[in-house]
Amino acid sequence: MSRPSDHIDSAPAPSGNGITQPKLGFVGTLRWFWRQLTSMRTALFLLLLLAIAAVPGSLVPQRSSDPNGVIQYFNDNPELAPVLDNIQAFDVYSSAWFSSIYLLLFVSLIGCVIPRTKHHLQALRAKPPKTPARLGRLAGFTTRTAPVGTDAATAVASARTVLKQGRYRVALFESPTEFSVSAERGYMRETGNLVFHSALVGLLIVVGFGSGFGFSGQRVLVEGQTFVNTLLAYDSFNPGRFFNDTELDPYTLTLDDFEVTYETQNLEAFGQPLDFTAGVTVTPRGGDAQDGAVRVNDPLRTGGTSIYLLGNGYAPTITVKDPEGTVVFTDSVPFLPQDANLTSLGIVKVPDGLAEQVGLIGFFYPTQDETSSGSYFSSFPDLEYPVLTLNVYQGDLGLDEGVPTSVYSLVTDDMEPLATRDSAIQPLELTPGETQELPNGLGSVTFENAAPDAAEGDYAGSVPRFASFDIHHDPTQGWVLLFAVLVLGGLLTSLFVPRRRLWVKAIEQADGSVRLEYAGLARGEDPALESAVTALADRHAAMLERATPAIKAADPA
Amino acid sequence: MNLNELSILSLYSAMAVYALAFIAFSIDLARRSAAVGSTEAAVGATNEAPASVAGAKASGGGSVSTLNRISSRMADDAVTPYGRSASLRVGVSLTVLGWALHLVAAVLRGLAADRVPWANMYEFAMTGTLLIVTVFLIVLTRTDLRFLGTFVTGMVVILLGIGALQYYVEVAPLPPALQSVWLVIHVFVASLGTGFFALGFALSFVQLLQSRREERAGTAKSSRLRFLATLPSAFTLENLAYRVNIIGFILWTFTLMAGSVWAERAWGRYWGWDTKEVWTFIIWVIYAGYIHARATRGWRGSRSAWLAIIGFAAVMFNFGIVNVFFKGLHAYSGL
Ligand code: HEM
């Protein structure tokens with residue numbers, strides 16, 4: 001077996017010690033190095049190293065999975081964080097050191113698998129090896145006496161039949177005094193092992209390249225809004241290295257409604273969401289509109305992309321008018337949820353149309369409630385008693401400097417607070433449908449009621465919701481799955497198919513009787529080997545007896 | 001009493017019965033030590049036969065059924081044969097009784113919640129330990145591993161105790177993030193794999209003790225854990241541990257893959273090095289290392305046993321520490 005020389009099955013390598021070893025030379029050194037790299041010991045060492053190297057990434061936040069955690073970490077540990085960053089501790093899984101471990105491991109793996117594959121292909125075509133001279137020392141050694149009237153050649157021929165029925169590959173050998181059959185089975189074990197290891201390589205390659213051909217993008221939609229799958233329509237877009245945006249299929253996606261069900265029966269889980277469903281309409285280019293739904297754990301697959309529902313919240317519709325009543329701003333503004341009962345935070349920026357630039361920081365409470373100290377909170381995530389409070393600032397919004405600013409934050413450093421908790425005028429407070437004057441006669445602000453015709457006190461449809469979608473495209477995912485299945489299949493085959501050799505020998509004794517010997521040899525783990533030898537002996541005996549029914553069989557002990 | 005309260009009652013009863021089983025198994029270990037003490041006194045220093053599968057006396061009569069032959073070969077190579085023991089039988093019976101109560105507890109919890117009973121830490125602990133005992137009892141029907149009873153019942157009582165006292169939560173419906181068939185498959189297979197790893201851990205642990213004893217057998221120093229002489233040889237224990245661990249490994253491989261499929265459906269990517277994913281991967285690699293170690297010259301025996309032990313420690317860490325204290329997408333411990 002062409003396994004690495006320190007595999008438990010192979011003959012021990014001649015123990016050279018450093019002093020007496022001849023000079024290797026350049027090629028010799030390379031060869032020596034290669035042999036070291038593809039040895040079992042190195043594979044084991046690299047595997048264990050890989051396990052250890054994976055640990056730090058779970059202790060320190062990673063940029064790939066938790067970018068905000070990294071920022072937080074820098075704030076909390078200003079001394080330590082840059083040091084850790086230097087050793088790529090926030091990018092462990094793409095770091096030079098982590099990558100070099102697994103790349104070495106895979107080089108070792110390839111160097112190991114190729115010669116084994118070659119060797120295995122030969123073994124598949126080769127005859128089972130010659131029967132050992134003495135079987136007595138092998139596993140499950142059993143002797144029987146052939147029924148009277150059976151000669152050695154016949155006995156071995158029938159043993160061969162039994163073995164062939166057991167799907168063994170067989171070869172007959174004979175010498176003047178003895179006949180024997182050598183049998184081997186379980187080539188699938190090594191095949192499985194090689195498939196397993198090769199599929200790991202395949203997996204690494206497709207996973208490594210996979211992200212390069214796809215993209216992921218995010219888009220927030222308020223109920224009623226439509227998105228066209230083009231580059232500019234995304235709020236954020238992360239293309240893979242080899243992705244070409246002409247590949248985008250410009251379908252449209254409309255969020256028709258967003259349904260949430262909350263638990264109201266079980267008091268232990270009161271207010272816990274039970275279901276989020278985004279009812280959408282998808283229209284392929286030049287095709288007919290189709291209704292669909294996107295749910296958590298249940299993405300919508302369309303146009304070569306998968307659409308995932310990642311977040312949701314309220315998007316109060318806010319209208320700002322100047323003192324003459326001209327609308328200067330009106331939009332449904334997604335408010336970011338801050339807690340489980342959807343206390344939400346949103347920003348409105350009004351750069352033009354009023355005497356001053358105006359910024360609003362809004363808090364939205366779907367079911368407003370008050371603590372004993374007078375501060376507001378939301379006590380239920382659904383719209384029972386929605387209230388919007390607005391802090392009003394005037395001054396420079398900072399939009400003109402050409403620096404991109406987030407729509408979800410407002411820098412108030414250079415602004416004058418007009419209505420906040422600390423100013424003379426308290427924050428504005430609105431319920432759906434209500435309008436309030438802005439301070440300083442700047443104009444007015446309205447919290448629009450999306451369902452103005454609803455009954456008094458029924459706020460269920462008063463505020464639109466938004467959903468945030470992740471849209472992904474990964475053309476290699478099918479390959480990943482295929483290799484994963486091969487890994488699992490190879491593993492099962494290689495661990496559960498026994499590879500073994502069995503021998504049956506028939507020796508003519510001086511007294512004319514025929515002595516039968518049976519023994520086996522395991523190649524790898526084979527707990528059932530000995531019972532297989534016994535079973536073979538039993539089946540063989542039964543067959544011989546059937547062949548010589550006239551003569552009563554001798555005691556088969 | 002509602003279903004959940006019945007479930008709790010049943011669970012506490014199961015814990016009490018397991019505790020009794022633990023006592024019975026411990027008494028058995030003490031008896032074994034005593035039995036070894038008396039034979040050693042009679043025979044003097046025991047002569048250790050180098051155990052080897054090939055060398056085992058296997059040419060016996062063909063009338064014995066195959067299964068018996070395997071299992072008898074497995075457990076038969078103890079230095080000191082150890083006869084029947086009443087406490088051992090009591091221990092097994094109590095374990096079966098405890099298991100039945102445990103099963104009832106899990107089923108009632110599932111009925112009370114109207115879903116599978118493995119969706120938060122309390123339920124993971126309950127179902128995970130149930131599977132540990134299940135695996136143990138199933139393996140018992142094929143191979144005599146009753147000497148692990150103290151370990152299995154002891155561990156299960158401790159884990160259940162922690163689960164019930166620290167992690168208890170009321171019945172709650174599944175949040176949308178967990179509403180998936182993959183919760184049923186992925187978590188169940190992971191727990192089942194854990195059951196096998198637990199048994200493999202115990203076997204590897206006993207293997208280490210045994211090989212220490214075997215090394216010392218020639219010398220004057222004898223092990224204080226005399227009951228070891230009634231257990232299978234280190235060689236046999238290693239083979240048993242390997243067989244149990246590779247089943248665990250296959251289940252774990254499947255867990256990893258099923259988790260990826262689920263992650264793709266839930267989060268839009270099949271792998272993202274989330275903390276829980278990282279630890280699942282680490283465990284997988286450790287056990288791959290263990291399998292390699294078994295096939296590497298110089299690593300068979302005690303060294304590979306240590307890897308199985310480290311692997312199981314990582315499994316426990318993943319369950320007990322990562323779930324509760326680490327931040328990540330898998331925020332479902334329900335705490
Ligand atoms: C990516 C890293 C690797 C992983 C995850 C891995 C994993 C495994 C697993 C799970 C098995 C047991 C299942 C089976 O027999 O198919 C195994 C067996 C084996 N591996 Fe690897 N392996 C890796 C790399 C290597 C390398 C680099 C070598 C060559 C030095 C190697 C040589 C072997 C051999 C010879 C066996 C058979 C063991 C036996 O006879 O029981 N593996 N490997």
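First the proteins, then the strands, lettered A, B, ... as listed; each starts at 1. Side-chain atoms are counted along with the backbone in the values below, which use heavy atoms only and exclude waters and symmetry mates.
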Counting heavy-atom pairs under 4.5 Å with chain A, the top scorer among B/Ala295, B/Ala266, B/Gly289, B/Gly298 is B/Ala295
dist A/Phe98:CZ -> B/Trp273:CH2 (nearest 0.5 Å) comes out at 4.0 Å
If one checks every heavy atom of A/Val207 against chain B at 4.5 Å, the contacting part turns out to be both
Of all heavy-atom pairs linking B/Ala172 and A/Gln272, the shortest is CB-OE1, 4.0 Å
Between the CG atom in A/Asp470 and the CZ atom in B/Arg269, the distance rounded to the nearest 0.5 Å is 10.5 Å
Chain B shares the most heavy-atom pairs under 4.5 Å, among A/Gly520, A/Ala51, A/Gly214, with A/Ala51
Under 4.5 Å to a heavy atom of chain A? For B/Trp284 that would be side chain
d(B/Leu307 CG, A/Leu47 CG) to nearest 0.5 Å is 10.0 Å
Correct closest heavy-atom pair for A/His472 and B/Gly268 would be ND1-O, 2.6 Å
**Asked** Counting heavy atoms not belonging to B/Arg300, are there more than 12 under 6.0 Å from its CZ?
**Response** yes
Among A/Phe45, A/Phe276, A/Tyr518, the residue with the most heavy-atom pairs under 4.5 Å to chain B is A/Phe276
Rounding to 0.5 Å, atoms CG (A/Leu481) and CD (B/Glu264) come to a distance of 9.5 Å
Scored by heavy-atom pairs under 4.5 Å with chain B, the best of A/Gln62, A/Arg295, A/Glu263, A/Gln477 is A/Gln477
Rounded to the nearest 0.5 Å, the OG atom of A/Ser58 sits from the CZ atom of B/Phe317 at a distance of 6.5 Å
Atom CG of B/Asn2 with >12 non-hydrogen neighbours under 6.0 angstrom = yes
*Would you say A/Asn297's side chain and B/Pro176's backbone share a donor-acceptor pair under 3.5 angstrom?*
yes
- request: Indicate yes or no for a side-chain donor-acceptor contact from A/Arg41 to the backbone of B/Arg297 under 3.5 Å, with no hydrogens or angles considered.
  value: yes
message = Any non-hydrogen side-chain atom of A/Asp474 less than 4.5 Å from a side-chain atom of B/Tyr270?
response = yes
**Prompt:** Donor-acceptor pair, A/Asn266 side chain versus B/Val171 backbone, under 3.5 Å?
**Reply:** yes
Residue set satisfying ring-ring contact (aromatic ring centres under 6.0 Å, His included) with A/His197, at least two apart, ordered chain then number -> none
If one checks every heavy atom of A/Val55 against chain B at 4.5 Å, the contacting part turns out to be both
So, the part of A/Phe496 with a heavy atom under 4.5 Å from chain B: the answer is side chain
- Task: Taking the side chain as every heavy atom from C-beta outward, state whether A/Val487 and B/Met257 have any atom pair closer than 4.5 Å.
- Result: yes
### Query
Taking the side chain from B/Arg265 and the backbone from A/Asp298, do they hold a donor-acceptor pair closer than 3.5 Å?
no
| task | Decide if atom CH2 of B/Trp271 counts as having more than 12 heavy atoms of other residues, nucleotides or ligands within a radius under 6.0 Å. | result | yes
If one checks every heavy atom of B/Trp182 against chain A at 4.5 Å, the contacting part turns out to be neither
Honestly, the part of A/Leu310 sitting under 4.5 Å from a heavy atom of chain B is side chain
The reported gap from OG1 in B/Thr253 to CG in A/Leu495 (rounded to nearest 0.5 angstrom) is 8.5 Å
Of the listed B/Ala177, B/Ser260, B/Ala288, the one with the largest count of heavy-atom pairs under 4.5 Å with chain A is B/Ala177
Whatever's closer than 4.5 Å to a heavy atom in chain A on B/Phe254 counts as both
Exam field: side chain B/Gln179 to backbone A/Leu274, donor-acceptor pair closer than 3.5 Å: yes
- Query: Are the side chain of A/Tyr93 and the backbone of B/Gly272 linked by a donor-acceptor contact shorter than 3.5 Å?
  - Reply: no
inquiry  = Run A/Asp6 and B/Trp299 through side chain to side chain contact (heavy atoms under 4.5 Å, CB included) and show every step you take.
reply    = CA-CA 10 Å; A/Asp6 54 346; B/Trp299 273 79; over 6 Å; no
- Heavy atoms, side chains only, cut-off 4.5 Å: are B/Thr275 and A/Asp66 in contact? no
Residues at least two apart in sequence or cross-chain that pass ring-ring contact (aromatic ring centres under 6.0 Å, His included) with B/Tyr290, listed by chain then number, are none
